[in-house]
Number of protein chains: 2
Amino acid sequence: MATRKENSTYSSNEKWIIECDLTYAVNKIGGRWKILIISKLESKVHRFSELKKELPFITERMLALQLRALEKDGLVKRTVYAEIPPKVEYELTEMALEFGPIFKQLSIWGGKHRSDTNSSS
Amino acid sequence: MATRKENSTYSSNEKWIIECDLTYAVNKIGGRWKILIISKLESKVHRFSELKKELPFITERMLALQLRALEKDGLVKRTVYAEIPPKVEYELTEMALEFGPIFKQLSIWGGKHRSDTNSSS
DNA sequence: GCCATTACTTACATGTTTGTTAGTACCGTA
DNA sequence: TACGGTACTAACAAACATGTAAGTAATGGC
């Protein structure tokens, strides 16, 4: 997300991780906010400020960073309108839309098992 | 994973995250190594040392930490045999086995799109 | 000119995760 | 008595991710 040092163990381990199709995929949607953002974008195209409103606990900085990352990974398309005040729209790409059914299943899993574990203690 | 400060914004934001079934689920398998560990355990019960051998880039410390976390989250069952030298076996719980088909789909997604993005630059 | 609006960016501080190295306990065997 | 095997743990250091606060640019309306 931020600048990465190459050659650290941390970085070189990442190479192992993305060699696996599964972890490669998970890596794309990893982090704290990406999935929430994608979920919002699934229903409709959003402006930056709309996302901000719908995800009030994400700071502007994080939202911007995550959107950039998603864009770079080809999951989100960014459209800038040359207006003042600025208007920027974000929408999912085909690639990202394919996550739909997977997210649904994960969501079902979550709903089913949320109460299973006593997360106290 | 390590000690968490409660009441930090970071922590309180987590509460929002696990309110959503989807992000709750993803949170359980988040982090760098959990998915790889679960994948290995899908095929068969493993001893600690077997996992270590199959995932050579994970340090012992990380392996131990992640296994503990998975155990706490009810995804992995740990069985200790009172022998010397020690023998400990790890296996997936029912709950974790349900990830199977989801992981498969994610894996397919990964395989399909790995080449799409030019991850250079 | 001053303020509001939108979509950001920058500098800095804090918090969390991961990696490094060394060490523990137990017993059997040499 | 020293050594090997297993499954860890502890103390420390480095890297990364996230949060805070403030600032930028352009233009239209007051």
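A note on names: the letters A, B, ... follow the listed sequences, proteins ahead of strands, and every chain is numbered from 1.
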Are the charged groups of B:Glu50 and B:Lys53 less than 4.0 angstrom apart, N to O?
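No salt bridge links B:Glu50 with B:Lys53.
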[X] has a side chain; which of [options] sits nearest to it?
X	options	value
A:Thr9	C:dG19, D:dC8, D:dT18	C:dG19
B:Arg32	C:dT18, C:dC8, D:dG5	C:dT18
B:Trp33	D:dC8, C:dT9, C:dG19	C:dG19
B:Val88	D:dA7, C:dT9, D:dT18	D:dA7

By nearest heavy atom, map A:Phe48 and B:Gly31 onto DNA chain C; which one lands nearer the 5' end?
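The residue whose closest nucleotide sits nearer the 5' end is A:Phe48.
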What is the nucleic acid contact for [X], judged by heavy atoms within less than 4.0 Å: base, sugar-phosphate only, or nothing?
X	value
B:Lys52	nothing
B:Tyr81	nothing
A:Phe57	nothing

Between A:Arg47 and C:dA7, does any side-chain N or O lie under 4.0 Å from OP1 or OP2?
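For C:dA7, OP1/OP2 do have a side-chain N/O of A:Arg47 under 4.0 Å.
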Please answer whether the main-chain N or O of B:Glu19 pairs with a side-chain N or O of A:Arg114 as donor and acceptor at a distance below 3.5 Å.
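Yes; at least one donor-acceptor contact below 3.5 Å.
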Examine distances only and state if a side-chain atom of A:Trp109 and a backbone atom of B:Met95 form a donor-acceptor pair shorter than 3.5 Å.
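Yes; judged by distance alone, with no hydrogens or angles, the pair exists.
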Extract from the structure each pairing of a protein N or O with an N or O of nucleotides 21-25 of chain C at less than 3.5 Å, listing the distance.
none

Measure the distance from CG on A:Leu65 to P on C:dT10 and round it to the nearest whole Å.
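Between P of C:dT10 and CG of A:Leu65: 10 Å.
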Can a cation-pi geometry be assigned to A:Arg47 and A:Tyr81, taking NZ or CZ under 6.0 Å from the six-membered ring centre and within 45° of the ring axis?
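No, cation not above the ring by the 6.0 Å, 45° rule.
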Taking five pairs at each end of the helix from C:dG1-D:dC30 to C:dA30-D:dT1, what angle separates the two helix axes (nearest 10°)?
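Taking the rotation axis at each end, their angle is 30°.
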Got a list of protein N/O to nucleotides 28-30 of chain D N/O distances below 3.5 Å?
none

